[in-house]
Amino acid sequence: MSDIYDKVIELAKRRGFVWPSAEVYGAVAGFIDYGPLGAMMKRRIESIWRHYYVIREGYYEIECPTVGTESIYVASGHVKGFADKMCQCPHCNEYFRADHLAEACGIHNAGILSKEDLAKAVAPTRCPACDEVFGDVEVFDFNLMFQTTIGPGSQRRGYLRPETAQGMFTDFSRLSRFYRMKLPFGAVQIGKSYRNEISPRQGMIRLREFTQAEAEIFVNPSEKNHPNFSRYADYKVELWAIEQEQKDLPAVEKTMRQAVDEGIIANEYIAYYLALTHELLVTIGIDPARMRFRQHLPDERAHYAVDCWDAEVFSDRFGWVETVGIADRTDYDLRAHSKESGESMTVFVPFAEARKEKRMRIVADMGTLGPKYRGKAKKIADALAEAAPGPDGADVVVDGETYHIPGDLYTVREEEVEVRGVEVRPHVIEPSYGIDRMIYGVLEHAYDEEMVDGEERRVMHLAPCVAPVQVAVFPLVNKDGLDATAREIALDLQDEGILADYDDNGAIGRRYRRQDEIGTPFALTVDYETKEKGTVTLRDRDSMKQVRIPVADVHATLRSLVSGRTRFEDLKEA
RNA sequence: GCGAUAGUAGUCUAGUGGUAGGACAGUGGCUUCCCAAGCCACUAACUCGGGUUCGAAUCCCGGCUAUCGCACCA
């Protein structure tokens, strides 16, 4: 003992936020259970996320299976790309990435070598661990996806999804009809994803089963301006862009308008979700001073991505933790699924006004062309339609051979056609949130120890909107009917949908402290004045101050406090 | 996964081969009554599996988990 991590995890375990999963049988690294308070807090964070993405942005939530067939992940590239080629030293049994070993001895692009070639490349090198020459080693694939089989007889291979995103892509055509073919549109998913990490060692930060909240926003590639950009145009965020990162400079503060105009952020969509993410993280209780937006360096971002930013949250134990990724993935995913599935995955975008376009149409004289070229005739005719004929005929290339087609074998017509629009393959803007990491960040940033009258007070400064228990209700003493009144108030609050925890055990000070430790933001106490004047005391967790409010106002006041519309400091004494 | 270290009530900890003790927390009661007060009572643990031994929390081996280092981290 101990840094904040130890203290936060100790409290989280003891009070029922997060537990090692299935501890009775021996926990397995990378799996956690959310206890009663943790699960409640997680739901609250998820519903705040929904408020932003589903209600405010209008991107409906869908829910897809966590088991997917092989073709999904062949298309997405996870079957190939998510597999590391590994080998084991025959002398010391240490595991290594085979491509890393090969690159260390001067082979470039070792990542594209076959298993056999990698084994050859590694054989003469020395093991970094035991310094023996490797000799004969077997290079094998280690895929980070959990594999399973679907149905009996294990004919059909399935994978647990490594991200929720693919569901939005495979449902693209139906989504596009749902949104009546109007770009932009988006869909979101909150759910479990799975990655069989080789050795997850960072508690809640690297899990084998984790919760993601992802939005896939499909936009017209030529219109990357967000329709509601004005909402965040003046929103200021500290940006640690490529330039600052490479030169080791501090982050710069910019409005989103500036950042887009200066070309720091690729487009309004990315900037919009970056600002929205900032607002969301602050709302759930991430300390703005311990948060930054870091731009991916060109060599670290996926080859197809135009721009990518991570929201990173600072942890006392882990340093900067990548918590949210916001990327412009272009049309990569839809193109990949279109190719694998044969679906077009495009959206017809009509022009404001249908355009009349003049087109040259080249029509082959099949009566002559057919007998002359026989089997090739169809292909030649198709090529002709695309060709640019000269005065003495047209040259077309079919199957690698050039054919000269004299002018009398086709006619050129000029036609006027009406073009109403184009088929567009949308680009994808993807904000992707790691819910578990957000929860850890919230817990760590909320944790505090302070001295009160020479005694340590442990308190979780959870935002009222994410605190699992929203209000505690106490009788000052357990007699003279105060307890019955307090019980009634608690019941009323519960009827109103407010999570109120009634407690009459022991001394009142102890009850306050118990609630402080789980981050309950407010406590109501029924005392002798309640009977006489119809008021109760409302105590604020952070300041430990109290105001008296009328019993009749309890619901409305708490609702307003919990939603953040009112601050405790602004309450008036009854 | 490799190596080192560790694992005793919910938490912290005492216990070097002879049937586990404390503190805090928790529960019930008394009392006091607005910030972990006091008194009484109670609940509750040797990480798991093998081995050595008449006897193992204690010694040995292995698993699991945690911490640190190495490796891994779309």
Side-chain angles (χ1 to χ4, degrees), chain A residues 1-3 5-7 9-16 19-31 35 73 76-84 86-89 91-101 127-130 142-145 162-163 165 193-203 205-208 300-302 305 317-318 321-322 325 327 432 452-459 472 474-480 482 503-517 523-529 536-541 543-546 548:
Chain A
M1 290 288 223
S2 69
D3 58 11
Y5 174 83
D6 287 316
K7 294 177 175 182
I9 291 300
E10 188 274 317
L11 190 150
K13 273 203 273 202
R14 188 164 42 79
R15 298 307 306 270
W19 293 323
S21 190
E23 235 179 334
V24 276
Y25 292 115
V28 180
F31 296 97
Y73 299 106
S76 71
H78 285 98
V79 169
K80 268 210 169 113
F82 234 49
D84 292 329
M86 305 206 42
C87 62
Q88 189 178 22
C89 171
H91 312 289
C92 67
N93 295 326
E94 186 79 65
Y95 285 95
F96 298 98
R97 285 267 304 257
D99 54 334
H100 286 190
L101 291 172
C127 170
C130 68
F142 179 81
N143 196 296
L144 252 38
M145 286 191 293
E163 58 178 25
S193 295
Y194 302 82
R195 291 175 195 180
N196 199 1
E197 300 284 355
I198 296 169
S199 150
R201 281 264 290 265
Q202 292 149 25
I205 299 298
R206 241 174 98 218
L207 295 170
R208 289 184 165 127
E300 105 186 84
R301 99 190 148 213
R317 165 68 68 93
F318 303 113
V321 177
E322 170 193 342
S432 170
V452 176
D453 298 330
E455 203 102 47
E456 187 185 85
R457 180 173 89 122
R458 255 192 293 186
V459 50
F474 306 143
L476 182 61
V477 288
N478 211 351
K479 58 182 182 187
D480 299 329
L482 298 189
D503 189 5
D504 59 14
N505 180 296
I508 189 132
R510 176 179 301 255
R511 291 180 243 154
Y512 283 137
R513 295 304 162 84
R514 245 199 307 252
Q515 297 292 339
D516 289 341
E517 205 182 41
L524 286 172
T525 300
V526 171
D527 56 18
Y528 288 102
E529 274 186 56
V536 290
T537 63
L538 177 64
R539 179 252 197 193
D540 175 53
R541 173 197 65 206
S543 63
M544 294 168 63
K545 291 197 175 121
Q546 297 182 343
R548 297 203 71 89

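Side chain A:R14 to base B:A25: no donor-acceptor pair is found below 3.5 Å. A:R541 contributes no side-chain N or O that forms a donor-acceptor pair with the base of B:C35 under 3.5 Å. In terms of polar N and O atoms assigned as donor or acceptor, the side chain of A:Y25 never comes within less than 3.5 Å of the base of B:C64 in a complementary pairing. Remark: the A:R539 side chain and the B:C35 base include a donor-acceptor N/O pair separated by less than 3.5 Å.
For A:A27, taking side-chain heavy atoms from C-beta onward, the closest of the listed nucleotides B:U65, B:U67, B:C34 is B:U65. Which of B:G26, B:U11, B:A36 sits closest to the side chain of A:E10 comes down to B:U11. Comparing atom distances between the A:L476 side chain and each of B:C72, B:C34, B:C35 picks out B:C34 as nearest. When the nucleotides B:C35, B:A74, B:C34 are ranked by their closest atom to the side chain of A:T525, B:C34 comes out on top. Comparing B:A74, B:C35, B:C34 by their nearest atom to the side chain of A:T537 picks out B:C34. Among the nucleotides B:C68, B:C34, B:G10, the one closest to the side chain of A:I508 is B:C34.
Here, B:G21 and B:A57 have their P atoms 14 Å apart, quoted to the whole Å. The P atoms of B:U67 and B:C30 are separated by 45 Å, rounded to the nearest whole Å. Here, B:G69 and B:C46 have their C1' atoms 30 Å apart, quoted to the whole Å. Between the C1' atoms of B:A44 and B:U11, the separation comes to 12 Å (whole Å). Nucleotides B:G62 and B:A71 place their P atoms 25 Å apart, quoted to the nearest Å. Atom C1' of B:A20 sits at a distance of 9 Å from the matching atom of B:A45, rounded to the whole Å. Nucleotides B:A56 and B:C48 place their P atoms 14 Å apart, quoted to the nearest Å. Comparing the C1' positions of B:C72 and B:U13 gives a spacing of 36 Å, expressed to the nearest Å.
Within the 4.0 angstrom heavy-atom criterion, no nucleotide atom of any strand lies near A:K545. Nucleic acid contact for A:Q546: base, since at least one base atom lies under 4.0 Å from a heavy atom of the residue. The residue A:R208 sits apart from the nucleic acid: no heavy atom pair falls under 4.0 Å. Here A:D453 lies out of heavy-atom contact (under 4.0 Å) with every strand. The residue A:L144 sits apart from the nucleic acid: no heavy atom pair falls under 4.0 Å.
At B:U67, one or more side-chain N or O atoms of A:Y5 fall inside 4.0 Å of OP1 or OP2 (strictly under the cut-off). Between A:K7 and B:U11 there is no side-chain N or O to OP1 or OP2 distance below 4.0 Å. The side chain of A:R513 contributes no N or O atom lying less than 4.0 Å from OP1 or OP2 of B:G26. Taking only side-chain nitrogens and oxygens, A:N505 comes nearer than 4.0 Å to OP1 or OP2 of B:U27.
With respect to A:R458 and A:E10, a salt bridge is recorded, a charged nitrogen being found less than 4.0 Å from a carboxylate O.
For A:K479 and B:U31, the NZ to C1' distance is 8 Å, given to the nearest whole Å. Atoms CD (A:Q202) and C1' (B:U67) sit 13 Å apart, rounded to a whole Å. The CZ-P distance, from A:R195 to B:A74, rounds to 9 Å in whole Å. Distance CD (A:E529) to C1' (B:C33): 14 Å, rounded to an integer number of Å. What separates CD of A:E197 from C1' of B:A74 is a distance of 9 Å, to the nearest Å. In this structure, A:D503 places its CG atom 13 Å from C1' of B:A36, rounding to the nearest Å. The CD atom of A:E23 sits 17 Å away from the P atom of B:G7 (whole-angstrom rounding). Rounded to whole Å, atom P of B:C34 lies 15 Å from atom CG of A:N478.
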- So what does the secondary structure string of RNA chain B come out as, 5' to 3', with Watson-Crick or wobble pairs under 3.5 angstrom, [ ] for crossing and | for pairs with another strand? (((((((..((((....[..)))).(((((.......)))))....(((((..]....))))))))))))....
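Looking at residues two or more places apart in sequence or on another chain, you find a side-chain hydrogen bond (donor to acceptor under 3.5 Å, both in side chains) between A:R539 and A:D516. Partners of A:R548 under the side-chain hydrogen bond (donor to acceptor under 3.5 Å, both in side chains) rule, at least two apart in sequence or in another chain, are A:D527, A:E529, A:T535. Legend: residues meeting side-chain hydrogen bond (donor to acceptor under 3.5 Å, both in side chains) with A:R15, ordered by chain and number and at least two apart, are A:E517. Under the side-chain hydrogen bond (donor to acceptor under 3.5 Å, both in side chains) criterion, A:R317 pairs with A:D3, A:D6, not counting sequence neighbours.
In terms of position along RNA chain B, the nucleotide closest to A:E456 lies nearer the 5' end than the nucleotide closest to the other residue of the pair A:V28 and A:E456. Between A:G30 and A:K13, the one whose closest nucleotide on RNA chain B sits nearer the 5' end is A:K13.
Put simply, CG on A:D504 and CG on A:N478 are 4.0 Å apart, with the number rounded to the nearest 0.5 Å. Distance OH/A:Y5 to CD/A:Q202: 9.0 Å, rounded to 0.5 Å. Here the straight-line distance linking atom CG of A:D480 with atom OH of A:Y528 works out to 3.5 Å at 0.5 Å rounding. Remark: A:R457 CZ to A:Y512 OH distance equals 11.5 Å, nearest 0.5 Å. Residue A:R195 holds its CZ atom at 11.0 Å from CG of A:L207, rounded to the nearest 0.5 Å.
Within the 4.5 Å cutoff, the side chain of A:V28 has heavy atoms near those of the A:R208 side chain. Between A:L144 and A:H78 there is no side-chain heavy-atom pair separated by less than 4.5 Å. The closest side-chain heavy-atom distance from A:R511 to A:T525 is not below 4.5 Å.
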Listing time: all N or O pairs from protein to nucleotides 37-45 of chain B that are below 3.5 Å?
{"residue": "B:A37", "atom": "OP1", "partner": "A:R510", "partner atom": "NH2", "Å": "2.6"}

